[in-house]
2 protein chains.
Amino acid sequence: MTKRRTIGVLSRATGVKVTTIRYYETIGLMPPPERTTSGQRVYDADAQARLAFIRHARALGFPVETIRELIALQIDPGRDCDSVDAVARKRLADVRERLEQLKALERELERMISACAGGRVGSCAVMSALADHGQCLHDDHGHAGGGTIATAT
Amino acid sequence: MTKRRTIGVLSRATGVKVTTIRYYETIGLMPPPERTTSGQRVYDADAQARLAFIRHARALGFPVETIRELIALQIDPGRDCDSVDAVARKRLADVRERLEQLKALERELERMISACAGGRVGSCAVMSALADHGQCLHDDHGHAGGGTIATAT
DNA sequence: GCTTGCCTCTACAGCGACTGTAGAGTTTAT
DNA sequence: ATAAACTCTACAGTCGCTGTAGAGGCAAGC
């Protein structure tokens, strides 16, 4: 007996919000499930496994497009593992790059905060550190407008 | 003689793209500058300082709303420095939290990749690690649907 | 004066990955 | 029978920009 899951049950089982599950369906990441006569979605164990896979990959920061590729590979399990490995390695490289950026941010924020003596805003070290024309971080203020600002948080 | 800067000059001076400067104007982060008779924007040194401040704060990951608050504080420099300090500390806490998350991702990705023996996709360790129902990272799969998936990269 | 080539203008759509809302219908529990 | 909880669709909004289209402006060289 294959368990019949409504979208809410599936949501609680996987930790993916109901609206997000429907969104994944609209973008083709989840296949359209069967419906009851009244039109409610009914999911099986395969759907749950797939959603769990997606959730885990998203938690690791893989973009949706990459997950789409991984699923395509999954469906064709005879192929070489290299592409999967490459995707994971690429992701690891991205994560490490972001880690370095964040560590730099951490250092600068620490420096700013420790300099704050708690006076008035007019003489606040944090403020003057910010007003300082971006010397500390990545000061490309001379030549090119390569203004890729660090993607937030 | 106050230098008259067109938007392109300002852009090159600060490393903020022309379109982004105009965007900051529409959202009220930059004040509307003077215009030539033909309608082109003309900026002064104050505008450049303000834009440099914004750029630096954005590079540190402060959200635009927070920068708006900081600018409001800046305009009123007699007030206590506490709120500025608090904003910076909050940001530091956010950065550190994100650092921890990313380190966890790094560890899990390393583990996945080192387990990959390079066979076929059907038996790929990376794939089965992903299919594994989210045990490793933050397995809130029991009770609540608190599905805040780690914000990507 | 005229052309060339870059610069600037406005207005609006699109990105990624969802989230929120409105308004209506369905299922389950009491 | 009724209330509570769930589900449906469709679409707008989020954040911080980026890209596009089509039109007009400006300095330098001829």
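Predicted, not measured: the structure shown is a model, and the values here were computed from it. Letters A, B, ... are given to chains in the order of the sequence lines, protein chains preceding strands, and every chain is numbered from 1.
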Would you tell me if any nitrogen or oxygen in the side chain of [X] comes within less than 4.0 Å of OP1 or OP2 on [N]?
X       : N      : answer
A:Lys17 : C:dT19 : yes
A:Thr20 : C:dT19 : yes
A:Thr6  : C:dT27 : no
B:Tyr24 : D:dC17 : yes
A:Arg55 : C:dA17 : no
A:Tyr23 : C:dG16 : no

Considering only side-chain heavy atoms of [X], which listed nucleotide, [options], is closest?
X       : options               : result
A:Pro63 : C:dT27, C:dA17, C:dT8 : C:dA17
A:Val18 : C:dC9, D:dT7, D:dT18  : D:dT7
B:Gln40 : D:dC26, D:dT7, D:dT18 : D:dC26
A:Arg22 : D:dT9, C:dA17, D:dG16 : D:dT9

Separation of [N] [atom2] from [X] [atom1] (nearest whole Å):
X       : N      : atom1 : atom2 : result
B:Leu10 : C:dC7  : CG    : P     : 15 Å
A:Arg12 : D:dC6  : CZ    : C1'   : 9 Å
A:Ile7  : C:dT26 : CD1   : P     : 17 Å
B:Arg5  : C:dC7  : CZ    : P     : 18 Å
B:Phe62 : D:dG16 : CZ    : C1'   : 17 Å
B:Glu25 : C:dT8  : CD    : P     : 14 Å
A:Ile21 : C:dT19 : CD1   : P     : 11 Å

Pair [X] + [Y], salt bridge at N-O below 4.0 Å:
X        : Y        : value
B:Lys103 : B:Glu106 : no
B:Asp85  : B:Arg89  : yes
A:Arg68  : A:Glu65  : yes
B:Arg91  : A:Glu108 : no

Exercise. So what does B:Arg41 hit on the nucleic acid, given a heavy-atom distance under 4.0 Å: a base, only sugar-phosphate, or nothing?
Worked result: sugar-phosphate
Exercise. What's the spacing between A:Phe62 CZ and A:Lys90 NZ if we round to 0.5 Å?
Worked result: 10.5 Å
Exercise. Which comes earlier along DNA chain C counting from the 5' end, the contact point of A:Thr37 or that of B:Val42, where each point is its nearest nucleotide?
Worked result: B:Val42
For this session: Could you pick out which residue, B:Tyr43 or A:Ser38, lies toward the 5' side of DNA chain C when each is mapped onto its nearest nucleotide?
Result: B:Tyr43
